[in-house]
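What follows is a set of notes on a single structure, which appears directly below.
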Amino acid sequence: MQESNVVSPVTPSVKELVKVLYGGKRFGNPVDEVWPNLFIGDMSVANDRYSLWKLGITHVVNAAHGRMHCQGSHDFYGSTVDYYGVPADDSPSFDLSRFFSPTAEYIQSALDTAGACVFVHCAVGVSRSASLVLAYLMIHHHLTLLEAIHKVKERRWIFPNTGFLKQLRALDMKLRMTNIDPKNK
């Protein structure tokens, strides 16, 4: 059976999304540019100020703020990099959805700044950080969840946990309803 990139009018189930996520390359780079000037990576890159400088990173979103080995802060990055911390657990029961809009706003505001590059990370760079980037693409670029997954997977293997997939599905359905409601045009 051949994989189709045709967008369904219905948000795929978590089981269908997991199938899509399993495909493609599995392990790649510690950091990948998944959208113009928007990077996803892991804590090894986040903890290496020289690597961030070489990439031209001006803004860091830490989706594991306060967690062991992900101790980024304004003090760590200094005045050359703006820092935004999201204190998320990579647990299916964690409510990441409350951070979708504020993080998407932060990313968009940063990318609206000339010369800005945003690095979004968590511990491994496949679940929390990927979920926040998917939400950003859905909210600010009006991609469906499936379109956002395919777009990111062109550059990076991601695998949000099932709880985050459920929350992203809910966001997808909410955004689709907003987009088809004539009162919201």
Side-chain angles (χ1 to χ4, degrees), residues 3 5-7 11-12 17 20-46 48 51-65 70 72 77 80-86 88 90 96-97 99-161 164-165 167-172 174-176 178-179:
E3 184 176 308
N5 282 339
V6 176
V7 177
T11 300
L17 291 169
V20 170
L21 289 164
Y22 264 121
K25 68 176 186 165
R26 284 292 169 97
F27 299 101
N29 306 317
V31 60
D32 295 289
E33 186 175 16
V34 297
W35 190 260
N37 301 319
L38 180 58
F39 297 78
I40 298 177
D42 65 21
M43 66 185 172
S44 70
V45 177
D48 182 352
S51 289
L52 295 174
W53 175 77
K54 282 195 322 191
L55 289 167
I57 300 301
T58 57
H59 296 73
V60 170
V61 175
N62 179 356
H65 177 75
C70 289
Y77 294 109
T80 57
V81 174
D82 195 69
Y83 177 82
Y84 185 83
V86 176
D90 189 13
L96 188 65
S97 68
F99 296 104
F100 288 168
S101 286
T103 305
E105 293 306 317
Y106 176 83
I107 292 170
Q108 187 60 51
S109 175
L111 292 176
D112 284 343
T113 306
C117 287
V118 179
F119 176 65
V120 182
H121 80 90
C122 51
V124 183
V126 298
S127 185
R128 289 169 281 192
S129 55
S131 297
L132 291 174
V133 168
L134 292 170
Y136 162 73
L137 293 173
M138 293 163 62
I139 292 167
H140 283 281
H141 295 282
H142 311 293
L143 299 183
T144 65
L145 175 54
L146 200 53
E147 289 169 334
I149 288 171
H150 283 297
K151 179 52 79 178
V152 172
K153 279 185 49 103
E154 287 174 9
R155 302 290 181 96
R156 182 174 187 83
W157 187 78
I158 58 170
F159 209 88
N161 73 46
F164 296 166
L165 287 176
Q167 294 166 43
L168 287 164
R169 283 187 77 244
L171 175 65
D172 190 46
K174 178 183 164 195
L175 292 171
R176 286 175 187 240
T178 303
N179 290 336

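Throughout, numbering of the chain's residues begins at 1 and tracks the sequence.
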query: Do Gln108 and Tyr136 have side-chain heavy atoms sitting under 4.5 Å apart?
result: yes
Qualifying residue for side-chain contact (heavy atoms from CB on, under 4.5 Å) with Trp157, from Val152, Val126, Asn29, Leu21: Val126
- prompt: Which heavy-atom pair separates Val124 from Asp42 by the least distance, and what is that distance?
  reply: O-CB, 3.4 Å
message: Can you tell me how far apart CZ (Phe100) and CE (Met138) are? Round to the nearest 0.5 Å.
response: 7.5 Å
query: Do any N or O atoms from the side chain of Ser129 and from the backbone of Ile40 form a donor-acceptor pair under 3.5 angstrom?
result: no
query: How close do Val118 and Ala110 get, heavy atom to heavy atom, and via which atoms?
result: CG2-CB, 3.6 Å
message: Nearest 0.5 Å, please: how far is OG in Ser51 from CZ in Phe119?
response: 9.0 Å
task: Output the distance between atom OG (Ser97) and atom CG (Leu168), rounded to the nearest 0.5 Å.
output: 9.0 Å
task: Kindly indicate whether the side chain of Leu171, heavy atoms from C-beta on, has any atom under 4.5 Å from the side chain of Leu145.
output: no
query: Side-chain contact, heavy-atom cut-off 4.5 Å: Leu146 with Val20?
result: yes
- prompt: If only atom types and distance count, is the side chain of Ser127 paired as donor or acceptor with the main-chain N or O of Asn161 below 3.5 Å?
  reply: yes
- request: Indicate the ring-plane relationship of Tyr106 and Tyr84, choosing parallel, tilted or perpendicular according to the 30° and 60° boundaries.
  value: parallel
- line: Nearest heavy-atom contact between Leu52 and Ala46 is CD1-O, 3.8 Å
message: When you compare the side chain of Phe39 with that of Val120, does any pair of heavy atoms fall below 4.5 Å?
response: no
field: Heavy-atom closest pair, residues Ala116 and Thr58
entry: CA-OG1, 3.3 Å
- prompt: Considering the options Met43, His65, Arg128, which one meets the side-chain contact (heavy atoms from CB on, under 4.5 Å) requirement together with Cys122?
  reply: Arg128
- request: Could you tell me whether the side chain of Arg156 and the main chain of Glu33 form a donor-acceptor pair under 3.5 Å?
  value: no
field: Pairwise side-chain contact, Leu38 with Val133, heavy-atom cut-off 4.5 Å (strictly under)
entry: yes
Note, His121 side chain near Val61 side chain (heavy atom, < 4.5 Å): no
Flag for His140-Glu105: side-chain donor and acceptor within less than 3.5 Å: yes
- prompt: Within the distance-only criterion (no hydrogens, no angle test), does the side chain of Lys151 pair as donor or acceptor with the backbone N or O of Leu143 below 3.5 angstrom?
  reply: no
task: Calculate, to the nearest 0.5 Å, the distance between atoms CD and CG belonging to Gln167 and Leu134 respectively.
output: 12.5 Å
message: Can you give me the closest heavy-atom contact between Leu137 and Ala148, atom names plus distance?
response: CB-CB, 4.1 Å
query: Can you tell me how far CD1 of Ile139 sits from OG1 of Thr178, rounded to the nearest 0.5 angstrom?
result: 10.5 Å
- prompt: Do Thr144 and Asp172 have side-chain N/O donor and acceptor atoms under 3.5 Å apart?
  reply: no
task: Would you give the length of the straight line joining atom CG of Leu132 to atom CZ of Phe164, rounded to the nearest 0.5 angstrom?
output: 8.0 Å
task: Verify, without hydrogens or angle tests, whether Asn62 (side chain) and Ala64 (backbone) share a donor-acceptor contact under 3.5 angstrom.
output: yes
